[in-house]
Peer 1: 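Take a look at this one; I'll ask things after.
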Amino acid sequence: MALHVMEEANHCLGCKVPRCQQGCPIHTNIPEVIRLLKDGKLNEAGWMLFENNPLTTVCSLVCNHEKQCEGHCVRGIKGSPVHFSVIEDYISTTYANQMVAGPKESNGRSVAIVGAGPAGLTIAIILARYGYSVTIFDSRDKIGGVLRYGIPRFRLPDTVLDDFAYRHLELKGIRFRPNTTIGTAITIDDLFRDGYQSVFLGSGLWRPRKLAIKGESLGNVTYAINYLASPEAFRLGERIMVIGSGNSAMDCARTAIRHGARYVTVINRTGEIAASQYESSYAKLEGVRFLMYRMPLEIREDGIVLADVEVAEDGSIAAVPGSEKLYPCTGIIIAVSQGAEKNLASNAGLDMGKGGLLTVDESGHTSREGVFAAGDATSGARTVVEAVAKGKKVAEAMHAYMQTLPLPEPSKYADAPVVEEIESAAQAEQLIHGE
């Protein structure tokens with residue numbers, strides 16, 4: 001592994017105008033990281049990666065490198081680019097194993113993070129560095145959001161996120177409150193009442209978009225976001241159709257193969273595959289078939305009815321009359337994107353735009369004082385590294401905002417006497433009876 005990493009590092013030209021850094025949404029200083037590694041300063045390189053991108057161990061595995069850093073590498077113009085993903089994975093993983101620093105001294109202020117996805121985790125870590133007491137709320141039982149429940153484990157193992165939770169949250173004193181949905185029993189008003197001076201909303205996109213055709217509620221059908229969250233819970237048989245051609249569709253197709261499907265076909269209305277070439281090539285290599293220019297008309301328990309598609313000069317598409325055919329299959333996964341949940345925003349009185357996305361300014365401030373938002377809940381589906389990049393900007397805006405506020409008033413019960421620890425059942429009985 002180390003030899004392979006150094007071969008990639010030595011392949012780097014150290015460009016004075018690094019196209020790779022320009023192609024990275026978070027502008028990782030790739031030439032300097034590689035230089036430090038080649039000089040034997042692995043820890044310095046690791047520190048630089050984590051300071052710039054708290055989710056560097058994740059991004060090294062799931063970023064669309066072919067369109068970002070590696071896709072902009074000057075080496076790739078006439079040959080193979082420097083595969084920085086390999087270098088970043090090695091440095092960040094090795095350095096992370098040594099991270100043991102505890103929480104920073106408290107600045108007396110608290111912040112609430114709603115949603116443990118990429119943006120929320122980034123903001124939590126940055127604000128913890130400033131000394132804020134941070135609590136993350138999430139409706140799921142573990143951190144990660146779309147990282148854990150929307151990306152297959154063969155691309156992003158749970159162990160990466162579990163280690164992240166230990167080293168970046170537990171060791172830094174960041175609290176995580178799982179299985180808690182903000183907007184139901186606990187509201188944003190409750191958060192401000194309990195002393196949080198600022199609230200970040202990063203609830204993501206968890207509402208599947210429908211095809212709106214007959215048969216969508218049948219038992220042999222599911223949506224990508226639900227399937228990827230727990231594929232082992234579904235019994236879709238050995239012949240599966242995946243509707244859609246984005247990265248999520250590729251994830252579903254490849255996951256289905258790993259869970260027993262023998263024949264997996266991706267269906268798309270156009271002739272273009274929306275997924276990255278990297279992901280689609282892996283799907284093809286693993287035996288996924290592609291059926292292009294087909295439009296779903298109806299889902300049945302024994303299959304799906306598709307029609308041929310004709311594309312007009314203006315780009316619009318329509319089903320060719322009389323071309324309808326039944327394609328037998330045992331299960332169908334609909335992977336045509338997701339939308340935002342509207343309950344939290346509407347209950348909190350926040351302004352929403354198209355598709356239920358939260359309306360924010362450049363700093364991520366919503367229409368409500370002290371409430372910020374970023375990530376997919378504001379921009380629609382984006383990449384992980386884009387969520388991290390935006391999260392960094394919002395974290396700084398939240399920090400600047402809270403510094404304008406007075407420190408919270410101490411609890412009126414701050415001087416209440418402390419009850420000595422109850423060590424026996426007899427002592428508990430005495431307390432109950434007031435003895």
Side-chain angles (χ1 to χ4, degrees), residues 54 103-139 143 145 169 172-178 180-206 340-353 356-379 387-412 414:
K104 177 142 182 155
E105 182 178 352
S106 173
N107 64 10
R109 303 175 189 271
S110 299
V111 61
I113 307 295
V114 181
L121 293 174
T122 299
I123 293 172
I125 291 168
I126 292 174
L127 292 180
R129 290 173 181 171
Y130 282 120
Y132 290 94
S133 174
V134 181
T135 300
I136 302 175
F137 300 82
D138 199 273
S139 60
I143 68 138
L169 304 187
K172 300 295 186 294
I174 298 174
R175 294 181 176 89
F176 175 56
R177 185 162 172 173
T180 304
T181 301
I182 302 300
T184 53
I186 299 176
T187 66
I188 290 180
D189 289 336
D190 294 331
L191 296 177
F192 283 119
R193 176 205 65 195
D194 292 343
Y196 297 103
Q197 289 196 313
S198 185
V199 176
F200 171 76
L201 303 180
S203 49
L205 305 177
W206 296 102
E341 296 284 1
K342 301 179 182 179
N343 292 341
L344 174 58
S346 58
N347 291 343
L350 301 175
D351 290 347
M352 291 180 289
L357 298 177
L358 291 171
T359 302
V360 295
D361 62 18
E362 285 298 316
S363 67
H365 215 144
T366 69
S367 57
R368 180 169 178 175
E369 184 72 16
V371 179
F372 295 76
D376 291 353
T378 64
S379 61
V388 174
K390 186 62 178 179
K392 289 177 64 177
K393 295 180 180 179
V394 174
E396 296 299 333
M398 293 176 71
H399 172 55
Y401 166 76
M402 286 184 282
Q403 290 302 302
T404 66
L405 304 177
L407 286 171
E409 293 289 333
S411 169
K412 64 179 180 179

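Numbers for residues simply follow the sequence, beginning at 1.
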Peer 1: Can you list every side-chain hydrogen bond (donor to acceptor under 3.5 Å, both in side chains) pair that touches residues 109-128, not counting sequence neighbours?
Peer 2: R109-Q197
Peer 1: Looking at residues at least two apart in the chain, or sitting in another chain, which of them share a salt bridge (charged side-chain N to carboxylate O under 4.0 Å, His left out) with D189?
Peer 2: R368
Peer 1: Looking only at heavy atoms, what is the nearest atom pair of P408 and G108, with distance?
Peer 2: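 Scanning both residues completely, I find the closest heavy atoms to be CD-O, 3.5 Å.
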Peer 1: Excluding sequence neighbours, so at least two apart, what forms side chain to side chain contact (heavy atoms under 4.5 Å, CB included) with A374?
Peer 2: F200, K390, V394
Peer 1: Which heavy atom of A395 sits nearest a heavy atom of I126, and at what distance?
Peer 2: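 That closest heavy-atom pairing would be CB-CG2, 3.7 Å.
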Peer 1: Tell me, do V199 and V111 make a side-chain contact under 4.5 Å, heavy atoms counted?
Peer 2: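 The answer is no; the side chains never approach within 4.5 Å.
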Peer 1: Return each pair, listed once, that meets side-chain hydrogen bond (donor to acceptor under 3.5 Å, both in side chains) where at least one residue sits in residues 393-408; pairs must be two or more places apart or across chains.
Peer 2: Y130-E396, Y132-H399, Y132-Q403, E369-Y401
Peer 1: What residues form a side chain to side chain donor-acceptor pair (under 3.5 Å) with K392, not counting sequence neighbours?
Peer 2: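 Side chain to side chain donor-acceptor pair (under 3.5 Å) list for K392, sorted by chain: N52.
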Peer 1: Restricting to side chain to side chain contact (heavy atoms under 4.5 Å, CB included), what partner residues turn up for A128, sequence neighbours left out?
Peer 2: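 Partners of A128 under the side chain to side chain contact (heavy atoms under 4.5 Å, CB included) test: V134, I174.
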Peer 1: What residues, two or more places apart in sequence or in another chain, satisfy side chain to side chain contact (heavy atoms under 4.5 Å, CB included) together with T181?
Peer 2: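 Counting only residues at least two positions away or on another chain, T181 forms a side chain to side chain contact (heavy atoms under 4.5 Å, CB included) with S139, T184.
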Peer 1: Is there a side-chain contact between T378 and L201 (heavy atoms, below 4.5 Å)?
Peer 2: no
Peer 1: Once you round to the nearest 0.5 Å, how far does OH of Y196 lie from CD1 of I113?
Peer 2: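 Atom-to-atom, Y196:OH and I113:CD1 are 10.0 Å apart.
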Peer 1: Output yes when a side-chain donor or acceptor of T187 lies under 3.5 Å from a complementary backbone atom of G183, and no otherwise.
Peer 2: no
Peer 1: Which pair of non-hydrogen atoms, one from M398 and one from S198, has the smallest distance, and what is that distance?
Peer 2: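 Heavy atoms only, the tightest pair is CE-OG, 3.3 Å.
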Peer 1: What are the two closest heavy atoms between L191 and A112, and how far apart are they?
Peer 2: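 Looking at all heavy atoms of both residues, the closest pair is CD1-CB, 4.1 Å.
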Peer 1: Backbone N or O of A116 within a donor-acceptor pair of the D138 side chain at under 3.5 Å?
Peer 2: yes
Peer 1: Please round to the nearest 0.5 Å and tell me the distance separating atom CE of M402 and atom CG of L405.
Peer 2: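 So the CE of M402 and the CG of L405 are separated by 8.0 Å.
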Peer 1: Among residues at least two apart in sequence or on other chains, which ones pass side chain to side chain contact (heavy atoms under 4.5 Å, CB included) with R175?
Peer 2: S133, T135
Peer 1: Output all residues satisfying side chain to side chain donor-acceptor pair (under 3.5 Å) with T359, sequence neighbours left out; order by chain, then residue number.
Peer 2: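 Applying side chain to side chain donor-acceptor pair (under 3.5 Å) to T359 gives none.
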Peer 1: Measuring from I182:CD1 to F137:CZ, what's the distance to the nearest 0.5 Å?
Peer 2: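 Between I182 CD1 and F137 CZ, I get 5.0 Å after rounding to 0.5 Å.
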Peer 1: Rounded at 0.5 Å granularity, tell me how far CG in L357 sits from CG in D376.
Peer 2: 9.0 Å
Peer 1: Would you say that L169 contacts I143 through its side chain, given a criterion of any heavy-atom pair below 4.5 Å between the two side chains?
Peer 2: yes
Peer 1: Should L121 and I136 count as side-chain neighbours, where that means a heavy-atom distance under 4.5 Å?
Peer 2: yes
Peer 1: Closer than 3.5 angstrom, by distance alone: can the side chain of H365 be matched with the main-chain N or O of G370 as a donor-acceptor pair?
Peer 2: yes
Peer 1: Without swapping roles, check the side chain of T366 against the backbone of V360 for a donor-acceptor pair under 3.5 Å.
Peer 2: no
